[in-house]
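Just so you know, these numbers use all the heavy atoms, side chains as well, and skip hydrogens, waters and symmetry mates. In what follows, chains carry the letters A, B, and so on, assigned in the order in which the sequence lines appear, proteins first and then strands, with residues in each chain numbered from 1.
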Number of protein chains: 2
Amino acid sequence: MNNTVKLFKALSEEVRLRILGLLMHGELCVCDLMAVLDLPQSTISRHLSYLANAGWLAGERRGVWMYYRFIVNGGTLQQDQLAVLTKHLPQLPAVVRDRQRLEQYMRTKQQTACG
Amino acid sequence: MNNTVKLFKALSEEVRLRILGLLMHGELCVCDLMAVLDLPQSTISRHLSYLANAGWLAGERRGVWMYYRFIVNGGTLQQDQLAVLTKHLPQLPAVVRDRQRLEQYMRTKQQTACG
DNA sequence: CTTATATATCCGCATAGGCGGATATGTCAA
DNA sequence: TTGACATATCCGCCTATGCGGATATATAAG
């Protein structure tokens with residue numbers, strides 16, 4: 001029950017849903033998310049920790065960067081819930097906007113940012 | 001986005017999940033839930049309002065009693081999410097226990113309580 | 001070792017929201 | 001209208017949690 005509540009609590013915050021919406025398309029590091037969401041590093045990092053702790057994300061350090069991606073084998077509830085997110089998150093207007101910003105950002109990433 | 005967050009926020013609390021777990025089996029009134037969950041009336045009523053406001057439940061007054069039940073046509077996200085709940089909530093130990101208490105309560109309802 | 005960069009954590013502050021007793025509202029019966 | 005009961009809302013209290021600047025930690029380069 002506690003874990004179930006935790007899973008849902010993680011989904012009940014706008015910034016976290018936007019982060020998940022961006023990670024649908026593949027892993028990203030903290031600095032990517034800072035750039036796209038235009039939020040302070042501590043805010044991004046805190047939400048990522050929260051999502052990882054709730055069982056949604058796994059982080060992997062690669063050099064100086066921490067890359068976060070979805071866990072795809074986190075129990076049947078998590079998997080079924082992930083399917084719902086996969087279907088519906090990309091349709092939310094805020095997520096669509098974020099994704100456009102992500103594409104724009106990726107085009108200029110080599111010159112300006114991490115990675 | 002706000003509505004989506006609202007939908008998930010409603011799921012991110014233990015008492016509310018337990019209420020939803022009980023309502024899976026059909027509508028119930030406030031006094032039923034008070035008896036089964038053994039919680040004060042104000043607590044039950046507040047959570048029911050929260051769930052109704054979030055788009056999960058509809059309340060119907062029938063005489064002095066308010067009966068609450070799931071909304072089954074609340075948008076595709078709500079429907080898909082409801083399917084996940086229908087599959088997984090009944091498996092949670094706390095929900096199993098509540099349901100046993102509900103059955104016990106229903107057997108003696110005529111003599112002791114509302115309805 | 002020092003520096004630079006990326007990330008995590010700490011801190012104080014502000015708000016959201018849970019709790020349950022008390023009170024208000026609504027409904028029915030007499 | 002009054003009384004009884006079910007439900008909704010109010011209230012003060014308390015905890016959880018979001019925020020973002022400041023600081024600590026980790027890694028790589030020189």
- Query: Can you tell me if Arg101(B) uses its side chain to pair, donor with acceptor, with the backbone of Val36(B) under 3.5 Å?
  - Reply: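 Side chain of Arg101(B) to backbone of Val36(B), a donor-acceptor pair under 3.5 Å: yes, one is there.
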- Query: Has the side chain of Trp56(A) got a donor or acceptor atom that lies under 3.5 Å from a matching backbone atom of Leu7(A)?
  - Reply: yes
- Show your working on side chain to side chain contact (heavy atoms under 4.5 Å, CB included) between Leu22(B) and Asp32(B) and close with a plain yes or no. CA-CA 10 Å; Leu22(B) 287 169; Asp32(B) 295 329; over 6 Å; no
- Item | Estimated bend of the helix from dC1(C)-dG30(D) to dA30(C)-dT1(D) (axis per five terminal pairs, rounded to 10 degrees) | 20°
Return the value, rounded to whole Å, for the distance between atom [atom1] of [X] and atom [atom2] of [N].
X: Met34(A); N: dA8(C); atom1: CE; atom2: P; value: 11 Å
X: Leu48(B); N: dT9(D); atom1: CG; atom2: C1'; value: 14 Å
X: Met66(B); N: dC28(C); atom1: CE; atom2: P; value: 13 Å
X: Arg61(A); N: dT5(C); atom1: CZ; atom2: P; value: 16 Å
X: Asn53(B); N: dA8(D); atom1: CG; atom2: C1'; value: 14 Å
X: Phe8(B); N: dT17(D); atom1: CZ; atom2: P; value: 18 Å
X: Ile44(A); N: dG18(D); atom1: CD1; atom2: P; value: 13 Å
X: Leu33(A); N: dT7(C); atom1: CG; atom2: P; value: 9 Å

- Closest listed nucleotide, where the reference is the side chain of Val64(B) and the choices are dA8(D), dT5(C), dA6(D):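 When the side chain of Val64(B) is considered, dA6(D) is the closest of dA8(D), dT5(C), dA6(D).
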- Message: I want to verify a distance call: between dT7(C), dT27(D), dG26(C), whose nearest atom is closest to the Cys31(A) side chain?
- Response: dT7(C)
- Message: Given the ring of Tyr67(B), does Arg61(B) sit roughly above its face, with NZ or CZ under 6.0 Å from the centre of the six-membered ring and within 45° of the axis?
- Response: no
- Whether each nucleotide of nucleotides 16-25 of chain C has a protein heavy atom under 4.0 Å at its base (B), only at its sugar-phosphate (S) or at neither (-) is summarised, 5' to 3', as -SSBBBB---
Identify, with sequence neighbours excluded, every residue that meets side-chain contact (heavy atoms from CB on, under 4.5 Å) alongside [X].
X: Asp80(A); result: Val84(B), Lys87(B), His88(B)
X: Arg99(B); result: His25(B), Glu103(B)
X: Val5(B); result: Glu14(A), Leu17(A), Met1(B), Lys9(B)

- Hits for side chain to side chain donor-acceptor pair (under 3.5 Å) against Glu27(B), two or more places apart or cross-chain, chain-then-number order -> Arg62(B), Arg69(B)
- Message: Distance alone, cut at 3.5 Å: any donor-acceptor contact between the side chains of Arg107(A) and Gln104(A)?
- Response: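 There is such a pair between these side chains.
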- Query: Counting only side-chain N and O atoms of Tyr68(B), is one of them less than 4.0 Å from OP1 or OP2 of dA8(D)?
  - Reply: yes
